[in-house]
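For reference, the structure discussed in these notes is given below.
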Amino acid sequence: MIYQSPIGEISLIATEAGLIGAWFQGQKYFEAGICEMPQLQETVVLKEACQWLDTYFYQTPPAKADFLSIKGSNFRQKVWTCLQEIPYGETRSYKEIAKIINCASAQAVGGAVGHNPLSIFIPCHRVVGSDGQLTGYAGGLDKKIWLLEHEQGF
């Protein structure tokens with residue numbers, strides 16, 4: 001299913017277990033790692049995802065999405081869980097996240113952040129370099145800037 005956001009199309013993929021993917025069209029690692037057969041018709045999960053995104057883009061900060069089905073290694077899941085704890089309008093550095101999850105490598109954290117399969121729902125756009133500078137974003141740096149500025153209004 002394609003969601004039309006103010007900053008581009010977002011591909012949403014769900015299974016019976018929940019939302020397993022959300023990528024901007026053309027994003028690095030677009031739909032990577034999808035091994036399960038996605039649901040092709042609009043489902044309750046896809047409707048919930050669209051409602052969540054509508055709230056995010058056009059209203060107020062939405063509550064944590066409880067319809068996600070996060071697939072990844074234990075390490076990646078630890079990183080992605082940590083990302084979900086970064087409040088709207090705030091950022092964390094790769095180094096800070098590494099410290100929180102007791103990892104010696106900010107670069108390893110960066111790899112996990114970059115492979116996040118649920119853009120926006122798991123807010124990898126809130127991760128910056130140790131000097132506070134904006135660093136790469138799989139969806140494009142222009143989208144990262146837009147998302148961070150958007151969240152300042154919450």
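In this chain, residues are counted from 1 in sequence order.
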Using a 3.5 Å distance criterion without hydrogens, assess whether the side chain of Asn116 forms a donor-acceptor pair with backbone atoms of Ile122. yes
N/O donor-acceptor pair under 3.5 Å between Glu9 side chain and Ile2 backbone: no
Minimal heavy-atom distance between Ala112 and Phe75, with the atoms involved, is CB-CE2, 4.0 Å
List the residues meeting side-chain hydrogen bond (donor to acceptor under 3.5 Å, both in side chains) with Asp54, not counting sequence neighbours, and say none if there are none. Tyr3
Those residues at least two apart in sequence (or on a different chain) that pass side-chain hydrogen bond (donor to acceptor under 3.5 Å, both in side chains) with Glu151 are Tyr56, His125, Arg126
Leu19 and Ile13 have their tightest heavy-atom pair at CD1-O, 3.4 Å
Applying side-chain contact (heavy atoms from CB on, under 4.5 Å) to Cys50 and Leu12, what does each step give before you reach the verdict? CA-CA 9 Å; Cys50 289; Leu12 300 173; 3.9 Å; yes
Taking only residues two or more places apart in sequence, or in another chain, which ones meet Gln59 in a side chain to side chain contact (heavy atoms under 4.5 Å, CB included)? Thr55
Tell me if the CG atom of Asp131 is crowded by more than 12 foreign heavy atoms within 6.0 Å. yes
Pair listing, side-chain hydrogen bond (donor to acceptor under 3.5 Å, both in side chains) test, anchored in residues 77-88, at least two apart: none
Working to the nearest 0.5 Å, report the span between CZ of Phe121 and CG of Leu68. 7.0 Å
Could you check whether Phe57 and Trp146 have their ring centres less than 6.0 Å apart? yes
What heavy-atom pair brings Cys103 and Val109 nearest, and what distance separates the two atoms? SG-CG2, 4.4 Å
When Ile, Leu, Val, Met, Phe, Trp and Tyr are grouped by side-chain heavy atoms lying under 4.5 Å apart, directly or through other members, which residues fall in the same group as Val128? Leu134, Leu141, Ile145, Leu148
Does Glu90 have any side chain to side chain contact (heavy atoms under 4.5 Å, CB included) partners at least two apart in sequence or in another chain, and if so, which? Ile86, Pro87, Arg92
Qualifying residues under side-chain hydrogen bond (donor to acceptor under 3.5 Å, both in side chains), relative to Arg76, sequence neighbours excluded: none
Just wondering, do Leu118 and Trp23 contact through their side chains at under 4.5 Å, heavy atoms? no
Contact between Pro117 and Lys71 at the side-chain level, heavy atoms closer than 4.5 Å - yes or no? no
Which residues satisfy the side-chain hydrogen bond (donor to acceptor under 3.5 Å, both in side chains) test with Ser119, sequence neighbours excluded? Gln27
Only distances under 3.5 Å count here; give the side-chain donor-acceptor pairs of residues 94-101 to other protein atoms, sequence neighbours excluded, each with its distance to 0.1 Å.
residue	atom	partner	partner atom	Å
Tyr94	OH	Thr135	OG1	3.1
Glu96	OE1	Ser93	N	2.6
Glu96	OE1	Ser93	OG	3.4

If you measure from NZ on Lys64 to CH2 on Trp52, what distance do you get to the nearest 0.5 Å? 11.5 Å
Considering only residues two or more places apart or on different chains, which pairs with a residue in residues 133-146 satisfy salt bridge (charged side-chain N to carboxylate O under 4.0 Å, His left out)? none
